[in-house]
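Working notes for the structure below.
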Amino acid sequence: MIISDTRQALQDLLTEYVYRIDADALESWLDLFTDDCVYEVLPLENIKQNLPAALILCENKRMLRDRIVALREANEYNAHTDRHVIGPLRIVAGEGGWTVECSYAVYQSDPDGVGRLFSVGQYRDHVVAEDGTWRFRRKTVIVDNYSIPTLLATPL
Amino acid sequence: MIISDTRQALQDLLTEYVYRIDADALESWLDLFTDDCVYEVLPLENIKQNLPAALILCENKRMLRDRIVALREANEYNAHTDRHVIGPLRIVAGEGGWTVECSYAVYQSDPDGVGRLFSVGQYRDHVVAEDGTWRFRRKTVIVDNYSIPTLLATPL
Amino acid sequence: MIISDTRQALQDLLTEYVYRIDADALESWLDLFTDDCVYEVLPLENIKQNLPAALILCENKRMLRDRIVALREANEYNAHTDRHVIGPLRIVAGEGGWTVECSYAVYQSDPDGVGRLFSVGQYRDHVVAEDGTWRFRRKTVIVDNYSIPTLLATPL
């Protein structure tokens, strides 16, 4: 069984991940990734058919930071609020770290206070300890309802 | 790191909070608040713009109890069922207690069994120990989709 | 207070339950039930009115297995993906085991990547230890939005 402290630390990492997106604290959200991180958003259908194409692919932290900078510049065209609700973690041992899975639902509300389901799917993450802190080495977002465009969206 | 027992007790308080609303056990739901509690529902947009106006504001437990009594009298006009799904807690130390945050989504179903997303947002609570029991000293519900009227609704 | 290891084991059982449905691993999902299990899906309205009629009732594991076999044969007509998001557990002592409750929301996405809220409600389960493993002796799914037909659906 996983040591309880590690489990809680992994839970806290996921909690911070969604909290910082929802609080629009994307710059500090970047701190949750390793320098050599991979961040990718994949449609579920591609995973089922073993097709490699990603909706979003950032192959290191610099690319991820560029994406956030671009978002800040495009901000005025996409003034919504995200709210994540995530389920319990499923934790399995991974190579040199932990593999963590959980379901997520993201709701978006616009400036008039109209909300809707935006994205639903699953996280499949690889988490490693770096200088005593758990960070995402790989974050894979598998989107079930990929018909909704996400190109200008905040991270999932 | 927060002692595990305290964390679990705070989690249990939040779990009971939503369970008792969903079970329509609003009278015992009141037991989860201190006598000098503040219960408020705020639109997210007001928080962003630093405007103080609340959708609902009860400045002590008596006001909160009055609200429940009024709800019971208006009950026949609003025969729906609530179902809360809440995310993991984000716990930070607060003055003389704990500040606890979590995302929530509330679904409402009507007597014909038709359900829809009713409210989505975040709790920001201040929890204190009173006679060895954790209770809400302040419960702030920040509603993202505030365009949906909540005046006659059960508590969020 | 419940011993922390037991709480985590009960949480893991619920996490596996929804994970295996969402991963379409229904054959290994069956392993989470005892041989003499009861699996039932009830509309909330029936519970409120104390009416016994269930939408689905399997009175042992063999009936549940038959249902999965039938689903596999009807599979081509119902090619959707489920995604469960469940809330925190409410655990109370039960006869010879534990009674565990939690809220759930299930989203379904079709092969074109269009998603929607499918079912929302509550689990009320009786969990027992069998050969050192926690399993469902009774799984009761209480559906709030029972107007949505579930006859051909995967388990909730």
Side-chain angles (χ1 to χ4, degrees), chain A residues 1-8 10-11 14-15 18 41-49 51 53-55 83-93 99-108 115-124 140-151 156, chain C residues 1-25 28-29 32 75 79-91 100-120 123 132-134 145 154 156:
Chain A
M1 185 174 273
I2 298 156
I3 303 160
S4 181
D5 283 357
T6 300
R7 184 184 287 273
Q8 189 59 53
L10 294 171
Q11 176 68 71
L14 264 291
T15 303
V18 298
V41 178
L42 296 165
L44 175 66
E45 206 61 22
N46 287 22
I47 299 229
K48 282 186 177 175
Q49 298 178 24
L51 297 170
L55 294 170
R83 192 67 59 192
H84 288 66
V85 180
I86 60 173
L89 302 194
R90 186 168 179 269
I91 304 174
V92 288
T99 296
V100 179
E101 298 176 326
C102 74
S103 295
Y104 75 85
V106 183
Y107 306 90
Q108 278 196 345
R116 65 184 180 107
L117 178 67
F118 175 65
S119 182
V120 64
Q122 189 195 28
Y123 295 141
R124 257 184 229 171
T140 303
V141 183
I142 301 166
V143 182
D144 295 355
N145 66 331
Y146 48 83
S147 70
I148 292 183
T150 60
L151 291 183
L156 290 169
Chain C
M1 184 173 272
I2 299 157
I3 303 160
S4 181
D5 283 357
T6 300
R7 184 184 287 272
Q8 189 59 53
L10 294 172
Q11 175 69 70
D12 287 348
L13 178 63
L14 265 291
T15 303
E16 278 301 309
Y17 175 93
V18 298
Y19 175 83
R20 294 184 190 183
I21 295 175
D22 293 351
D24 197 26
S28 73
W29 172 84
L32 305 177
N75 200 16
H80 63 264
T81 298
D82 287 322
R83 192 66 59 193
H84 288 68
V85 180
I86 60 174
L89 302 195
R90 186 169 181 268
I91 303 173
V100 178
E101 298 176 327
C102 76
S103 296
Y104 74 84
V106 183
Y107 306 90
Q108 279 196 345
S109 299
D110 67 21
D112 294 326
V114 177
R116 65 182 180 109
L117 178 67
F118 175 64
S119 182
V120 64
Y123 295 141
T133 302
W134 293 101
N145 66 331
T154 46
L156 290 169

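Both backbone and side-chain heavy atoms feed into the values below; hydrogens, waters and symmetry mates do not. What you are looking at is a predicted structure, and each value in this text was computed from that prediction instead of being measured.
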Does C:Val114 form a side chain to side chain contact (heavy atoms under 4.5 Å, CB included) with A:Ser147? I'd like the steps, not just the answer.
CA-CA 6 Å; C:Val114 177; A:Ser147 70; 3.8 Å; yes

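- Using a 4.5 Å heavy-atom cutoff, the side chains of C:Tyr107 and A:Leu117 are in contact.
- Between A:Arg7 and C:Asp12 a salt bridge is recorded (basic side-chain N to carboxylate O distance below 4.0 Å).
- Nearest heavy-atom pair, A:Gly121 versus C:Arg83, reported as atom, atom and distance to 0.1 Å: O-CD, 3.3 Å.
- Between A:Val120 and C:Ser109, the closest heavy-atom pair is CG1-OG, 4.2 Å.
- Side chain of A:Ser103 to backbone of C:His84: a donor-acceptor contact under 3.5 angstrom is found.
- When the candidates C:Leu14, C:Asp112, C:Leu89, C:Ile86 are compared by the number of heavy-atom contacts under 4.5 Å with chain A, C:Asp112 comes out ahead.
- Contact of A:Glu101 with chain C is made through the side chain alone, with heavy-atom distances under 4.5 Å.
- Of the atoms belonging to A:Pro43, not a single heavy atom falls under 4.5 Å from chain C.
- The CG atom of C:Asp110 lies 11.0 Å from the CG atom of A:Asp144; values are rounded to the nearest 0.5 Å.
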